[in-house]
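Encoded as structure tokens, the structure appears first; notes follow it.
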Amino acid sequence: MKGLLDLDLVFVTGKGGVGKTTVAAALAQLAGRRGNRVLVCEMDRSDALTTQLEADPVGFTPREVTPGVFAMTMDTEASLREYLKLQLRVPIVGKIGGLARALDFVATAAPGVRDILAIGKLCYEVRERHYDVVIVDAPASGHVVGLLSAPQAINELVKVGPIRDQTDWMVEILRDPGRTGAVIVTTPEEMPVEETLELAGRLSRETVVPLSAVVVNRVLPELFGTREEAVFEWLLAPDRVAKISESVGGDVSLLFAGARLAVDLRRTRAEHLERLQAGLDRSVPVLLVPYLFARSEGLRATNQLATFLEEELGT
Amino acid sequence: MPGVRRRYLREMTGQGEVTERGSKTQAHPPRGGSFEGLLASREIAITCGPGGVGKTTTAAAAAAMAACRHGGRVLVLTVDPARRLAGALGLSGIGNEERRVPDEAFRAWGVVPRGELWAAMLDTKQSWDSLIRRHAPDARTRDQILANPLYRNITGRFVQSHDYIAMERLFEIHSEGTYDLIVVDTPPSRHAIDFLDAPRRMAEFFSSKLLRWLIAPYRSRLVNIASRPFSQVADRLLGTQFLVDISEFFVLFQSLYDGFVQRAEAVSRLLRARRTSFIVVTTLESASVQEVESLTREIQKRGLHLGAIVLNKVLPEYFASAMLAQTARELADRAGSVSQSLGGEPDLTERVLREIADSFLNFNVVARREAKQQQEFRPASDVVTTVPWLDGDVSDIGTLLRVGERLWE
């Protein structure tokens, strides 16, 4: 398998709240730094991605937001218009005034319609090679499987005709481990790890998209090794705490309580990390990025994350 | 053995005597402005908020506390596709059917609940099927719908159909009158807004003129659908079999029309009723706070009752202290000389002291950011409750009750 940054199409997913968008933005920055022409696509209209890149909101038409990085927001109606215009040369496109309403209506009945239009647009950009790499800030765990399996779902429903031909080439792109990959972002906490393992299973069972990497975000630094930990316990004796407090001119007991909490948090998280690694296929690289204390959002945090990812990728 | 529980809860809060609350059937003093009062006065509480903030845990903790303190039968219904609640509730797997959390799970923590805690997880497919069974005019229509490939695809594959069916299931359970309180957990907030609108969208969909127009040729048995321009395009795109499936699906669904629309309207009414309240859960990360601000606006715009805001995973207050940060800096500066004075292994001790100081200063930055965030956050509810970061996970009833205790305060 090729490296993450050699792929043409990368879906970044994970449980809500783990920093999926920041990782997608960081991967885009990293690819951009290396001189690639990058398309990064936000799948909902929250503008979270452009916020992470410190850029104004974008629409369906991509705009260069940082050097080499073009951002867009998925819009299924616009995607349908483009598709009808480019792929089928349907003559009445200009006349379909009620397209938005009709699409809304059909999508209410069959939500997969939106999924296929979204994934179709992404695959189209890959096929036409408008960019070196397309990075998708994909929906969270529960929804990404629906998105990635939409072409097969349509294949099951529609047996013949141009739609069928359309989905076939999409599946070809999506299943190629040299071109397409999913990245699951997680944190070393119980539920995110559980959901990551569950999602990894569902991706391999229900979609053709290969899992390229798991990014573990917000890994806490290790405070003490075994010897340091023994010293820490030794320091906790009341007379020593009192003595230290006296020397520094302030009560240090809460500083010690804080360190205790940090050690406990780190320990629980280390256990989850082990569980994650044990539950994943060994061929899937697990990239660790540290908890950023100083900044949690914006371009600064995104760039820092990009640097950590670069180190982890070791390329 | 209520005494055991009181002792347990006293330990939890570190406070004095915990007073007994009457069960929900008994008269209650008005307790406006507290989380506890909210759960005592409502029949349905719906937790919503951004992803990863702890909605499921909050829902489960609130339900567990209500079952312990208020008594009665309390149900926690999780609609999130991931199966996460089971572990914390000591259930091997929660299905579509409600199951009681055994009292032993509480007793293990020295708690004897006054009431009963029940749990259920939403199984979208099963719920849809039972909805079809209920509304289908006859057995033949029922079987045709259940066997229609489009129907199977929609209900089986696409999680979005959770939105409506979750509300529908809530309505069904509520109307059976089995529970004193139902606490419902929802998908993340972008979807939570969808979820608020799901019943209305469902009703609109089935009342749509477009739907009637689309299936008209099939109704009049004029199979020549190519006579219409729209169908012509659709036929070219999708192929005839798919159109037949889709039309059959809609035609069949039309027979369920009245039942569906009525039902969707009833579900909407229930969500707006005063006995239903929304609990918004968030962390103090800026992205979450922004999302929550827009979510609370949406809730209020729709005339729904916003009962409480839960600030979850907040760092302990001492981390934000400027005085302690100063002490930490002093400690870092004097780590060398302090270590010398303590004996032992000074080099190692110095390293440890520096780490302690450093770690504190790291968390101090985060805590100050959170405090600022909390200050600027204009809560739209008078009930705002804070739950701190736990050092471990919520994987048992004891931890769940610890979270519940903080909600109650």
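Note that these values count all heavy atoms, side chains included, but never hydrogens, waters or copies made by symmetry.
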*So what's closer than 4.5 Å to chain A heavy atoms on B:Q326: side chain, backbone, both or neither?*
neither

_Counting only non-hydrogen atoms closer than 4.5 Å, does B:F319 touch chain A with its backbone (N, CA, C, O), its side chain (CB onward), both, or neither?_
side chain

*Flag for B:S288-B:T283: side-chain donor and acceptor within less than 3.5 Å*: yes

_Regarding B:R354 and B:E350, does a basic nitrogen lie under 4.0 Å from an acidic carboxylate oxygen?_
yes

_Shorter than 4.5 Å, heavy atoms on both sides: which option in B:T327, B:N364, B:L361 has the most such pairs with chain A?_
B:T327

*Which region of A:R269, side chain (C-beta onward) or backbone (N, CA, C, O), has a non-hydrogen atom less than 4.5 Å from a non-hydrogen atom of chain B, or is it both or neither?*
side chain

*For B:R329, is it the side chain, the backbone, both, or neither that has a heavy atom closer than 4.5 Å to a heavy atom of chain A?*
neither

*Do you know which of A:L235, A:T51, A:V248 has the most heavy-atom pairs under 4.5 Å to chain B?*
A:V248

*Measure distances from B:V352 to the heavy atoms of chain A and classify the residue's part below 4.5 Å as side chain, backbone, both or neither.*
both

*asked:* With salt bridge (Lys or Arg N to Asp or Glu O under 4.0 Å) as the rule and sequence neighbours excluded, what pairs involving residues 333-344 of chain B come up?
replied: B:E330-B:R334

*Taking only Lys NZ, Arg NE, NH1 and NH2, and the carboxylate oxygens of Asp or Glu, determine whether A:K15 and A:E194 approach each other closer than 4.0 Å.*
no

*Is a side-chain donor or acceptor of B:N312 paired with a backbone partner of B:T282 at a separation under 3.5 angstrom?*
no

_Under 3.5 Å, is there a donor on one side chain and an acceptor on the other for A:R218 and A:T187?_
no

_Part of A:F232 within contact of chain B (heavy atom distance under 4.5 Å)_ = both

*By a 4.5 Å heavy-atom criterion (distance strictly below it), what part of B:S339 contacts chain A: side chain, backbone, both, or neither?*
neither

*Give a yes or no on whether a salt bridge exists between A:R266 and A:E271, defined as a side-chain N under 4.0 angstrom from a carboxylate O.*
no

_Side-chain donor-acceptor pair present, A:Q52, A:T21, cut-off under 3.5 Å_ = no

*A:L254 versus chain B, heavy atoms under 4.5 Å apart: side chain, backbone, both or neither?*
both

*Proximal component of A:L199, with respect to chain B [non-hydrogen, under 4.5 Å]*: neither

